[in-house]
Number of protein chains: 2
Amino acid sequence: MAHSVDQLPAVLGELIVVSNKLTRMAAQLTDGTESPAVWRTLSALRHAGPVRLGGLAALSRVAQPTMTKLVHTLVERGWVQRVADPADARATLLAATESGEAALEAWRTELIAAILPQFEGLDPDEIAAIARAVGIVQQRLDAPIATTKEA
Amino acid sequence: MAHSVDQLPAVLGELIVVSNKLTRMAAQLTDGTESPAVWRTLSALRHAGPVRLGGLAALSRVAQPTMTKLVHTLVERGWVQRVADPADARATLLAATESGEAALEAWRTELIAAILPQFEGLDPDEIAAIARAVGIVQQRLDAPIATTKEA
DNA sequence: CATTTTACATAGCTTGACTATGCAAAAGGC
DNA sequence: GCCTTTTGCATAGTCAAGCTATGTAAAATG
C-alpha cells in the first residue's frame, strides 16, 4: 500500500505528534536519571566525534548558551572532556569520555527495559517496519540542515 | 526483510533517539508559537474528548500540578473550557474549544511547512513505511498504560 | 460518623530553553 | 601593520515546563 507524495505532509504531522508522545513517555519512564537533554547531547556528541561547543549546539538544535550549560553539567559528571582546539585558541573540542559512553549505554538499557512492555508482542513484520522508518528519518535528520529558503 | 523479535529492544532504542531529535527540531522550527507542551496537551485533549484534569495529566504523562498550569494557560487563551462534571463536585471536565482546535490545526500546518524541506524527495514507498510505523507506534501508545509489573 | 482517599490548586525548586551582552581571538580590509 | 568586523563562547537574566510537597474540600470507605 504505497502512499502518494501528496500525503507526505499529513504523515509528517502524525510523525511529529507520535514523536512528542514518545519523548514524553521516555522522559517519564527514566525520571530518576539525568535529563533528556543530557542524554540527547551525549548521544549527539558520541555520534559526531570531537566537536566545538557551537557545533554541538547546532547539531542538538539548541542555542549556544544552552549548550554551554549542558556541557558544564556533562564535564562535571566526567562524561565529557574539553580538549584544546589546536586550530583556534578561542575554542575547545568536546569529546565524550569512556564513562560518558558507558553512562549513555546504561541509560539506553534502562529506557528500553522500561518501554519494552508497551511494545510487547510486535511481530517481526512490524518491527521491520519501525526499523525502516527510523532509518529513513534518521538519514534525513543527519542531512545538512535544510533552510526554508532555496539553498 | 523481517526482523526477529530479539531485535525489538535495539529498534526501540533507536526509535526514541530519533523521536528526541524530531521533537527538538519541531520545537526549534516553531519557536515563535506556543510551547510544545501546549500543543501536545491540546492534541491529547482533542483526541480524548472531555476529560478531567487528572486524566489529562495521565494521558499526557505529566504530573497533575504541571497539567493544572498548562490548563490555566490554555483556558486563558480561550482554547480550552472548563465544564462542570455533573458526577463529581470536586472536578471539572476540560474540553477543547473551536478556536483551540483551529489553533492546533494552524500550528500543525506551520510545523509541517517548516519540516517539509527536510523530507522532500521521499518516494511513495518510504512515505508508506513511515506512515505504517507511525500507525503501529500510535496504537501502542494509545493502549492502556502498561506497568512494569504484572497486571 | 469518623477516617481515608480522591481531585486539584498552590507553593517552591530545578533545569532547559531563549535573547542580550561582554570579552577575547581570529579574520578581513586598507 | 593597524583598525574594524566577525567569530566563539561565557555570563546574565527571564520564562516555562517539569517535579515534589502541601493544603482544602468532596467523595468513598469502614
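A quick note: this is a predicted structure, and the numbers were derived from the prediction, not measured. In what follows, chains carry the letters A, B, and so on, assigned in the order in which the sequence lines appear, proteins first and then strands, with residues in each chain numbered from 1.
Rounded to whole angstrom, the span from the CD atom of B/E34 across to the P atom of C/dA17 amounts to 18 Å. Between A/L56 atom CG and C/dG16 atom C1' there is a gap of 15 Å when expressed in whole angstrom units. Rounded to whole Å, the distance from CG on A/L29 to C1' on D/dG18 is 15 Å. The separation between B/L74 atom CG and D/dA16 atom P is 13 Å, rounded to whole Å. With rounding to whole Å, B/M67 atom CE is found 10 Å from D/dC19 atom P. Put simply, CG on A/L93 is 12 Å from C1' on D/dG8, counting in whole angstrom units. Between the C1' atom of D/dT7 and the CG atom of A/L53 lies a distance of 13 Å, rounded to the nearest Å.
Between B/G55 and A/A87, the residue anchored closer to the 5' end of DNA chain C is B/G55, taking for each the nucleotide with the nearest heavy atom. Ranked by how close their nearest DNA chain D nucleotide is to the 5' end, A/D88 and A/R24 are led by A/D88.
Of the residues in residues 37-45 of chain A, none lies under 4.0 Å from DNA chain D by heavy-atom distance. Using a 4.0 Å cut-off on heavy atoms, none of the residues of residues 78-85 of chain A approach DNA chain C.
Between the side chain of B/T30 and the main chain of B/T33, no donor-acceptor pair closer than 3.5 Å is present. Although no hydrogens or angles enter the test, the distance criterion places no donor-acceptor pair under 3.5 Å between the side chain of A/T66 and the main chain of A/V62. Side-chain N or O atoms of A/S19 include none that pairs as donor or acceptor with a backbone N or O of B/S19 at under 3.5 Å.
Here the side chains of B/L122 and A/R140 are in contact, with some heavy-atom distance below 4.5 Å.
As judged by a 4.0 angstrom heavy-atom cut-off over every strand, B/A89 is placed among residues touching the sugar-phosphate backbone only. At the heavy-atom level, A/P65 lies under 4.0 Å from base atoms of the strands shown. Among the heavy atoms of the strands lying under 4.0 Å from B/S35 are primed sugar atoms or P, OP1, OP2 only; no base atom is included.
Between B/W39 and B/A103, the shortest heavy-atom contact is CZ3-O, 3.6 Å. For the residue pair A/P36 and B/N20, the shortest heavy atom distance occurs at CB-OD1, 4.4 Å.
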In a table with atom names and distances, give each donor-acceptor pair under 3.5 Å that connects a side chain of residues 106-113 of chain A to protein atoms at least two apart or in another chain.
from, atom 1, to, atom 2, distance (Å)
A/R108, NH1, B/E14, OE2, 3.0
A/T109, OG1, A/E105, O, 2.9

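Here D/dA17 is the nucleotide among D/dA17, C/dC18, C/dA25 with the atom lying nearest to any side-chain atom of B/L70. Relative to the side chain of A/T68, the nucleotides D/dA10, C/dC18, D/dC19 differ in distance, and D/dA10 lies closest. Side-chain proximity of B/A91 to the nucleotides C/dC18, D/dG18, C/dA7 is greatest for C/dA7. Closest contact between the side chain of B/R90 and the listed nucleotides C/dA7, C/dA17, D/dG18 involves C/dA7.
Under 4.0 Å is where a charged nitrogen must lie from a carboxylate oxygen, and between A/D142 and B/K21 at least one such pair does. Of the charged side-chain nitrogens involved, none lies within less than 4.0 Å of a carboxylate oxygen, so that B/D85 and B/R90 do not count as a salt-bridged pair.
With hydrogens and angles ignored, no donor-acceptor pair closer than 3.5 Å exists between the side chain of B/K69 and the base of D/dA16. For C/dA7, the base has no donor-acceptor partner in the side chain of B/Q64 [N/O atoms by modelled type, under 3.5 angstrom].
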**Item:** Worked verdict on A/R61 versus B/D31 for salt bridge (Lys or Arg N to Asp or Glu O under 4.0 Å)
**Value:** CA-CA 11 Å; A/R61 301 180 195 258; B/D31 190 22; over 6 Å; no
